[in-house]
Asks: 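Can you keep this structure in mind? I'll have questions shortly.
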Amino acid sequence: MQYLNVIAAAIAAYAFSAFWYIAMSKQWMEAAGLQADASGRPQGSGSPMPYVIALVAMLLVAGMMRHMFQTSGIVSVGGGLIAGFGVGAFFITPWVAMNYAFGLRKPALTLIDGVNAIVGCAIMGLILNLF
C-alpha cells in the first residue's frame, strides 16, 4: 500500500506543478531568460523529456519523504503536511537558490521555483499520510 501512496503523492505534486507553471508561465519564462515562440512556448521546446524527468523526480522525492516519515515516526496528516513543507522550504528551495545565485539567475526564478517546491512537497507530505 505504501507504494500506492508514493505514486499518488508524486502525481498530486506533479499536477500542482503543471497548474503552477501554466499560471506562472510568462513570469517564469521572463525570469529564466527564455524567448517565446509564436505559440507562447519557450523556443526549441517540444521534447517530452523534461516531463518524464519531472515525473521521475517527483517519484524519487515522494519515495524518500515516505522513508523519512516512516523512520521519524511522522504518521499524522498534519505532521506530513508540515514536514513536507519543511522539506520544500528548508532543503530544496535553499539549494535551488544557491545554484541560481551562482548561475546569476534572477531572484524571481528562485521565488517561482521555490513556491513550486514548497507547495509540492507539502502536498506530498499530506498525501503520504492520508492512507
Side-chain angles (χ1 to χ4, degrees):
M1 188 60 131
Q2 292 298 318
Y3 293 111
L4 293 177
N5 288 3
V6 168
I7 292 167
I11 290 171
Y14 187 90
F16 170 75
S17 290
F19 166 79
W20 179 246
Y21 285 113
I22 288 169
M24 299 298 294
S25 63
K26 287 187 175 104
Q27 296 91 330
W28 182 84
M29 285 179 44
E30 181 181 323
L34 299 175
Q35 298 296 318
D37 63 16
S39 69
R41 294 186 174 142
Q43 287 180 349
S45 67
S47 169
M49 211 52 185
Y51 301 100
V52 172
I53 291 169
L55 184 57
V56 170
M58 295 292 168
L59 287 165
L60 291 171
V61 172
M64 188 62 200
M65 282 178 59
R66 184 197 67 80
H67 172 73
M68 288 173 38
F69 289 3
Q70 197 168 45
T71 58
S72 301
I74 299 170
V75 295
S76 71
V77 173
L81 178 71
I82 296 301
F85 178 92
V87 167
F90 301 109
F91 291 165
I92 297 173
T93 300
W95 205 293
V96 168
M98 176 187 65
N99 288 338
Y100 287 177
F102 281 108
L104 305 176
R105 300 298 196 114
K106 294 180 181 177
L109 189 60
T110 300
L111 179 63
I112 293 166
D113 291 343
V115 168
N116 178 55
I118 293 165
V119 175
C121 285
I123 290 168
M124 279 184 188
L126 182 137
I127 290 175
L128 286 170
N129 285 350
L130 270 179
F131 309 101

Asks: Do T71 side-chain atoms and M68 backbone N/O form a donor-acceptor pair below 3.5 Å?
Replies: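 Yes; judged by distance alone, with no hydrogens or angles, the pair exists.
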Asks: For the side-chain contact (heavy atoms from CB on, under 4.5 Å) test, which of Q27, K106, E30 pairs with I112?
Replies: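 That would be Q27.
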Asks: Within the 4.5 Å heavy-atom criterion, are D113 and Y21 side-chain neighbours or not?
Replies: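 Yes, side chains in contact.
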Asks: Can you tell me how far CG of L130 sits from CG of L126, rounded to the nearest 0.5 angstrom?
Replies: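 Result: 5.0 Å between the selected atoms.
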Asks: Look at the side-chain heavy atoms of Ile, Leu, Val, Met, Phe, Trp and Tyr, link any pair under 4.5 Å apart, and say whether F91 and M65 land in one connected group.
Replies: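 In one cluster: yes.
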Asks: Please check if the number of heavy atoms outside F85 that lie under 6.0 Å from its CZ is greater than 12.
Replies: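 Open.
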Asks: Does V56 share a hydrophobic cluster with I127, counting links as ILVMFWY side-chain heavy atoms below 4.5 Å and allowing steps through other members?
Replies: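 In one cluster with V56: I127, no.
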Asks: Please find the pair of heavy atoms, one from A9 and one from A62, that lie closest to each other, and give the distance.
Replies: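 Heavy atoms of A9 and A62 come nearest at CB-CB, 4.2 Å.
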Asks: Determine, using the 4.5 Å side-chain heavy-atom cutoff (strictly less than), whether L111 and W95 are members of one ILVMFWY cluster.
Replies: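 Cluster IDs for L111 and W95 differ.
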Asks: With rounding to the nearest 0.5 Å, note down the distance linking CD1 in I53 to CG in L55.
Replies: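 Between atom CD1 of I53 and atom CG of L55 there are 11.0 Å.
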Asks: Same cluster for L34 and V96 if Ile/Leu/Val/Met/Phe/Trp/Tyr side chains link at under 4.5 Å?
Replies: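 In one cluster: yes.
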Asks: Which heavy atom in P94 sits nearest to a heavy atom in G88, and how many Å separate them?
Replies: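 Nearest pair, atom of P94 first, then G88: CD-O, 4.4 Å.
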Asks: Looking at every heavy atom in both G84 and C121, which two are closest together, and how far apart are they?
Replies: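 Closest approach of G84 to C121, heavy atoms only: O-CB, 3.0 Å.
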Asks: What are the two closest non-hydrogen atoms of M124 and A13, and how far apart are they?
Replies: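 So the two residues come closest at CE-CB, 3.6 Å.
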Asks: How many angstroms lie between CD1 in I92 and CG in N116, if you round to the nearest 0.5 Å?
Replies: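 One gets 9.0 Å once the value is rounded to the nearest 0.5 Å.
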Asks: Find the distance between CZ (R105) and CG (N99) and round it off to the nearest 0.5 Å.
Replies: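 One finds 10.5 Å between CZ of R105 and CG of N99.
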Asks: Any side-chain heavy-atom pair from L81 and V77 closer than 4.5 angstrom?
Replies: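 In short, these two side chains do not touch, never coming nearer than 4.5 Å.
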Asks: Hey, any chance M64 and Y14 share a hydrophobic cluster, counting ILVMFWY side chains that come within less than 4.5 Å of each other, even indirectly?
Replies: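 M64 and Y14: one cluster.
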Asks: When you compare the side chain of V115 with that of I118, does any pair of heavy atoms fall below 4.5 Å?
Replies: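 Sidechains of V115 and I118: no contact.
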Asks: Supply the atom-to-atom distance Q2 CD to H67 NE2, rounded to the nearest 0.5 angstrom.
Replies: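 Rounded to the nearest 0.5 Å, the CD-NE2 separation comes out at 12.5 Å.
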Asks: Can you name the one residue among L128, I82, N129 that meets side-chain contact (heavy atoms from CB on, under 4.5 Å) with I74?
Replies: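 With I74 as partner, side-chain contact (heavy atoms from CB on, under 4.5 Å) holds for just one option, N129.
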Asks: Nearest 0.5 Å, please: how far is OH in Y100 from OG1 in T93?
Replies: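 Taking OG1 in T93 and OH in Y100, the distance rounds to 10.0 Å.
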Asks: Are the side chains of N5 and R66 in touch, meaning some heavy atoms are under 4.5 Å apart?
Replies: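 A side-chain contact under 4.5 Å is absent here.
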Asks: For F16 and W20, take the angle between the two ring planes, folded into 0 to 90°, and tell me which bin it lands in: parallel under 30, tilted 30 to 60, perpendicular over 60.
Replies: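 F16 and W20: parallel rings.
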